[in-house]
Amino acid sequence: GGGEGGGEEYECDYDYDPDRDYLRGRSTTTMTTIRAIPVEDVPPVEAIPVEDDAERKRRLVRQVVLVYIPILLLAAVLAVSLGVGLTVMRRHDESESSTTTTITTKSTTAVYGPTLIRVMNEGVLRCGVPINKHGFSSFRKPDEHDHDNNHSVTTTTTTTTGEDEREGMSVDLCKAVAASVLGPGYRIELIEVESVTRFAALAGREIDLLLYGDTHTMERDFHEKGTGVGFQFTDPYFYDGLRFAGVPSAVKCADSYNWLGDCSDLKICLMAGSTHQDFLSTKFPPRKLVLTSTHDEYLRDFVAGRCSVIAGEQNLIATTVVRDAGFAGEYAYGTRTLTKEPLAMVTRKDDPNWSDVSNWVLWALIHAEKHNITSENAEMEIPGHEIFHTVRAVGNYGEIWERHMQEVVPREGLNRLYNEENEAGLHYSHPFGVIETSRHVFDPSSTINRIIDREKLKCGVFGTNDQSIDTDYCRALAGSLFESDSSRVEFVELSDGDSNIERMLNNGDVDVIAGATLNFGLDIVLPSNETAPDTSGLGTSTPGYLGGVAFSQPYFYGENCSGPKAMATSQYDADWSSYVYWVVMGTIWAEENGVTSSDFQKSKGVELFGPRFEWMFRGAIIGRGNYAEIYNRNIDMLPPRGGRNLINNGSTPQLCPPLADNSFKEDAANLFKY
């Protein structure tokens with residue numbers, strides 16, 4: 001499909017090996033070659049300008065401050081090795097011949113600029129979307145019209161189709177991020193990816209943002225097995241879980257994990273390279289699993305009888321989807337939800353600020369729904385703010401859901417908007433993935449190795465280092481690092497009004513700060529009064545930088561969703577930030593699963609980083625206990641446990657962005673005006 005923005009149309013031809021190992025369920029590293037084949041020579045079409053060059057330059061200068069200083073960027077890129085073997089064929093503007101660029105495993109020769117700058121300079125956001133995944137990304141029906149026509153959309157496919165644009169939640173989220181960064185005249189390019197190629201496309205910089213519907217797991221934070229590198233995930237935009245559906249008798253067999261006797265004909269279709277494959281490969285013999293690379297293939301195999309059951313999330317196995325695919329037989333759902341699948345936007349790990357921008361766009365859409373700011377009234381409710389373009393382009397979160405999901409997946413449970421009057425909890429752990437195999441090595445110069453060499457964690461706390469929930473999380477982190485020895489902490493006392501915590505983290509004065517308030521000013525890199533050298537390529541100096549702080553999963557909520565307490569780290573060491581995030585998550589997982597300090601052996605063993613960190617979770621739990629134990633130990637200094645500080649059992653609302661009601665418009669303006 002094409003758009004109005006003058007984007008050249010082309011198709012991508014993937015070299016395909018019918019004997020690829022993933023079809024037999026084995027993990028392998030493959031070399032993928034992508035050839036861009038021009039359909040025809042079309043002269044460039046100049047888009048109608050929405051602002052003159054001078055204004056565009058001033059806009060770029062303002063926006064440039066969202067990125068970090070090149071020295072820090074270079075350090076981050078060199079610290080995070082790009083472990084992917086990928087050959088990318090790039091097309092020339094004036095030639096039909098192809099040129100091959102190879103990104104070698106563990107290469108440090110190619111240093112890329114921040115994604116935000118590239119998107120702004122080129123004027124287009126490239127999003128990876130599924131080929132045909134109902135509710136997320138599917139071909140637009142002929143009688144439907146785009147929600148916002150003041151933009152350009154180009155669809156890049158691996159095969160030639162006669163279809164026009166796409167629609168779905170993935171498409172709308174891509175538009176929302178693009179409108180936030182590029183304004184009302186935004187352009188997006190939707191690039192089709194398959195289940196086994198999607199992470200390689202992101203790592204290889206073919207796309208800027210992955211919106212396939214990917215589960216956030218600990219494994220993928222550090223070492224996605226298809227590429228060998230870690231990725232950054234936003235908060236979930238959709239909560240789901242793995243279920244079975246299909247021929248009723250076969251579904252009963254699958255639900256009971258039975259493939260013998262009357263169940264001997266059981267065959268289960270599922271997506272290759274997914275968390276579903278990781279889970280089901282431990283429950284069924286390989287010959288019972290039929291792996292597919294696209295959702296169309298997945299449905300075709302079921303309709304053709306090559307499998308009697310399909311395994312997937314709600315939008316994949318919905319009756320309407322299966323009937324539309326041509327299945328006319330008896331159809332039933334399983335009674336069990338087998339896994340947690342929190343689906344999030346994915347970015348590269350070497351550009352955490354780009355992930356932050358994407359995350360705050362998501363929060364803004366959810367917050368807009370909370371305040372009933374819609375595509376129709378946005379101009380009245382938030383006039384003059386850049387966030388107006390985002391909501392005007394796609395509506396708020398509820399509008400997006402109603403438009404694309406409601407017919408297939410009725411909105412309920414975790415996907416509902418949290419109401420401050422609810423007494424439900426917000427603590428909800430994400431899945432770990434496959435962490436029983438050693439894959440990831442921390443950089444020798446990383447924060448975590450400096451702590452190990454020093455044999456002590458430096459943890460900042462507000463006020464004194466007396467017993468508190470904050471000091472307990474410092475000790476839990478030390479227990480995680482030092483095989484349950486929670487005494488290996490040097491506390492650094494901070495004042496409540498200390499405005500230099502980002503500098504303390506980024507300078508290494510402290511390794512982590514407990515009790516930090518999750519807020520916009522620290523999360524996103526913003527300008528300070530200091531002057532920094534030019535980082536934009538525009539030939540001008542820009543203000544200095546504040547922010548650049550990464551936050552863990554919140555561990556304490558106050559009177560509302562805004563400003564929860566969390567562990568804070570420097571976002572310039574992404575591995576360390578992820579490690580701290582998952583230690584906090586591990587205490588919540590332990591309470592969910594009834595694991596306490598007295599039976600810590602039931603905690604997950606972690607082989608992902610080698611034997612030195614096998615007690616990552618066990619050390620934290622034996623050191624300070626699960627979340628309930630930590631909270632109850634400090635009950636004299638905390639309000640009675642209830643509401644948001646309870647565990648979410650998976651049936652109550654979870655959408656609760658950390659934005660204050662009285663500062664939403666100000667935060668939104670600050671986020672997007674730069």
Quiz item: For S180 and T390, which heavy atoms make the closest approach, and how far apart are they?
Solution: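 So the two residues come closest at OG-OG1, 2.6 Å.
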Quiz item: What heavy-atom pair brings A368 and V391 nearest, and what distance separates the two atoms?
Solution: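 Minimum heavy-atom separation between A368 and V391: CB-CG2, 4.2 Å.
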Between [Y] and [X], is there a salt bridge with N-O shorter than 4.0 Å?
X: D511; Y: K458; value: no
X: E483; Y: R618; value: no
X: K340; Y: E592; value: yes
X: D472; Y: R633; value: yes
X: D573; Y: R450; value: no
X: R641; Y: E629; value: no

Are [Y] and [X] an aromatic pair, judged by ring center distance below 6.0 Å?
X: W589; Y: F617; value: no
X: Y555; Y: Y627; value: no
X: F233; Y: H430; value: no
X: Y428; Y: Y239; value: yes
X: Y237; Y: Y397; value: no
X: W615; Y: F600; value: yes
X: Y579; Y: F222; value: no

Quiz item: Distance from I501 atom CD1 to S570 atom OG, nearest 0.5 Å?
Solution: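 Atom-to-atom, I501:CD1 and S570:OG are 11.5 Å apart.
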Quiz item: Which value, rounded to the nearest 0.5 Å, describes the distance between T115 atom OG1 and D351 atom CG?
Solution: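 It is 4.0 Å, given to the nearest 0.5 Å.
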Between [X] and [Y], is there a donor-acceptor pair closer than 3.5 Å when you use the side chain of the first and the backbone of the second?
X: K349; Y: D221; value: yes
X: E493; Y: F462; value: no
X: R439; Y: F609; value: no

Practice problem: Check the side chains of H440 and D575 for a donor-acceptor pair under 3.5 angstrom, ignoring hydrogens and angles. | Solution: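 D575 vs H440: donor-acceptor pair found between side chains.
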Quiz item: Is a side-chain donor-acceptor pair under 3.5 Å present for T587 with Y473?
Solution: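 Per modelled atom types, Y473 and T587 side chains form a pair under 3.5 Å.
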Practice problem: Give me the one residue out of I621, V583, I622, V606 that meets side-chain contact (heavy atoms from CB on, under 4.5 Å) with S480. | Solution: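 With S480 as partner, I621, V583, I622, V606 yield a single side-chain contact (heavy atoms from CB on, under 4.5 Å), made by V583.
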Quiz prompt | Test side-chain contact (heavy atoms from CB on, under 4.5 Å) applied to F442 and T447, I448, I452, the passing residue | solution =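 Only one option passes, and that is I448.
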